[in-house]
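Everything below concerns the one structure shown next.
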Amino acid sequence: MKIKVLITGGTIDKVYKELSGELAFIETHIIEMFNRGRSMADTLSEVLFLKDSLEMTDSDRQFILDKCQSSQEEYILITHGTDTMVETANYLAKNIKNKTVVLFGSMIPYSIDNSDSLFNLGVALSAVQLKDHGVYIAMNGQVFDFDKVQKDKGLGIFTNT
């Protein structure tokens with residue numbers, strides 16, 4: 001089973017810039033994360049863009065959808081910022097029926113200690129291999145159906161609706 005990994009940014013790929021005190025994008029960490037986790041899954045990664053999900057537009061979501069639909073692989077992981085992950089999952093689910101798509105991200109960047117990124121990647125990688133065709137979100141050790149999940153911004157976790 002070959003798994004396509006579409007990289008779109010989000011907190012998972014941000015790094016702390018000491019001079020400005022901000023989080024910013026420099027490059028993706030996803031390949032490093034697969035290597036660090038000693039993943040033996042057959043993956044093919046593609047960086048679509050590196051964006052904060054609050055800056056995503058409908059044209060960005062359409063671009064992600066187009067990449068999913070044109071992918072030869074029927075198993076797809078998508079890195080995504082947590083703030084609009086549910087919105088993108090709903091957008092994709094309206095048009096994708098013959099693939100298994102799992103979105104995931106992190107609340108703390110991979111580049112910062114105690115990040116949840118490796119854990120979320122592991123859950124997402126397992127989910128994409130085990131779940132039926134459909135669109136899912138993998139966060140906080142759980143796999144959610146696209147239409148039964150929300151981000152609880154007060155707690156900083158994803159929960160069932």
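With hydrogens and angles disregarded, a donor-acceptor distance shorter than 3.5 Å links the side chain of D152 to the backbone of L155. With T8 contributing its side chain and T79 its backbone, the two residues share a donor-acceptor pair below 3.5 Å. Under a 3.5 Å cut-off, the side chain of Q142 and the backbone N or O of A138 do not form any donor-acceptor pair. Using modelled atom types, one side-chain atom of D116 and one backbone atom of I108 make a donor-acceptor pair closer than 3.5 Å.
The distance from the NZ atom of K151 to the CG atom of N140 is 10.0 Å, given to the nearest 0.5 Å. Atoms CG and OG1, from L77 and T43 in turn, are 8.5 Å apart once rounded to the nearest 0.5 Å. The CG atom of L118 sits 11.0 Å away from the OG atom of S39 when rounded to the nearest 0.5 Å. The structure places CZ of F144 at 8.0 Å from CZ of F158, a figure rounded to the nearest 0.5 Å. Atoms CG and SG, on L92 and C68 in that order, are 5.5 Å from each other to the nearest 0.5 Å. We find the CG-OG distance between D13 and S111 to be 8.5 Å, quoted to the nearest 0.5 Å.
A donor and an acceptor atom, one from each side chain of Q62 and D58, are nowhere located under 3.5 Å apart. Between the side chains of S53 and D83, no donor-acceptor pair is found at a separation under 3.5 Å.
For I7 against T28, the heavy-atom pair with the smallest separation is CG2-OG1, 3.6 Å. When all heavy atoms of I78 and I76 are compared, the pair lying nearest together is CG1-CG2, 4.0 Å. Minimum heavy-atom separation, T161 to D147: OG1-O, 3.8 Å. Here the closest heavy-atom approach between residue N120 and residue G105 is recorded as ND2-O, 2.9 Å. Smallest separation of non-hydrogen atoms from L48 and I64: CD1-CG1, 4.0 Å. Here the closest heavy-atom approach between residue A93 and residue V135 is recorded as CA-CG2, 3.7 Å.
When the side chains of ILVMFWY residues are joined at heavy-atom separations under 4.5 Å, either directly or via intervening members, L65 and V102 end up in two distinct hydrophobic clusters. Under a hydrophobic-cluster definition in which Ile, Leu, Val, Met, Phe, Trp and Tyr are linked whenever side-chain heavy atoms come within less than 4.5 Å, directly or via other members, L125 and I12 are assigned to the same cluster. Under the 4.5 Å side-chain heavy-atom criterion for ILVMFWY residues, a single connected hydrophobic cluster contains both V143 and V5. Two different hydrophobic clusters hold Y16 and M33 under the rule that ILVMFWY side chains link at heavy-atom gaps under 4.5 Å. Cluster membership for M56 and I137, using ILVMFWY side-chain heavy atoms within less than 4.5 angstrom, is shared.
A ring pair (Phe, Tyr, Trp, His ring centres under 6.0 Å) check over residues 52-106, counting only residues at least two apart or in different chains, returns nothing. The stretch residues 98-108 participates, sequence neighbours left out, in these side chain to side chain donor-acceptor pair (under 3.5 Å) pairs: T100-H133. Among residue pairs with one or both ends in residues 25-48, those qualifying as salt bridge (Lys or Arg N to Asp or Glu O under 4.0 Å) are K2-D42, K4-E46, E46-K67; sequence neighbours excluded. Among residue pairs with one or both ends in residues 24-61, those qualifying as ring pair (Phe, Tyr, Trp, His ring centres under 6.0 Å) are H29-Y110; sequence neighbours excluded.
One finds a salt bridge joining E87 and R61 here, because a Lys/Arg side-chain nitrogen approaches an Asp/Glu carboxylate oxygen to under 4.0 Å.
If you chain together ILVMFWY residues whose side-chain heavy atoms come under 4.5 Å of each other, V15 ends up grouped with I26.
A 4.5 Å side-chain heavy-atom check between E73 and L44 finds at least one atom pair inside the cut-off. Counting heavy atoms from C-beta on, the side chains of V128 and V101 never come closer than 4.5 Å. Between M107 and T11, every side-chain heavy-atom pair lies at or beyond the 4.5 Å cut-off. Using a 4.5 Å cut-off on side-chain heavy atoms (C-beta onward), D52 and K14 make contact.
Tested against F146, the residues T88, N90, L103 include a single side-chain contact (heavy atoms from CB on, under 4.5 Å) partner, N90.
Within a 6.0 Å sphere centred on NZ of K94, other residues, nucleotides and ligands contribute 12 heavy atoms or fewer.
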Q: Let me see the working for T159 and Q150 under side-chain contact (heavy atoms from CB on, under 4.5 Å), right down to the final yes or no.
A: CA-CA 6 Å; T159 61; Q150 66 183 0; 3.4 Å; yes
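Here S117 pairs with S115 under the side chain to side chain donor-acceptor pair (under 3.5 Å) rule; sequence neighbours left out.
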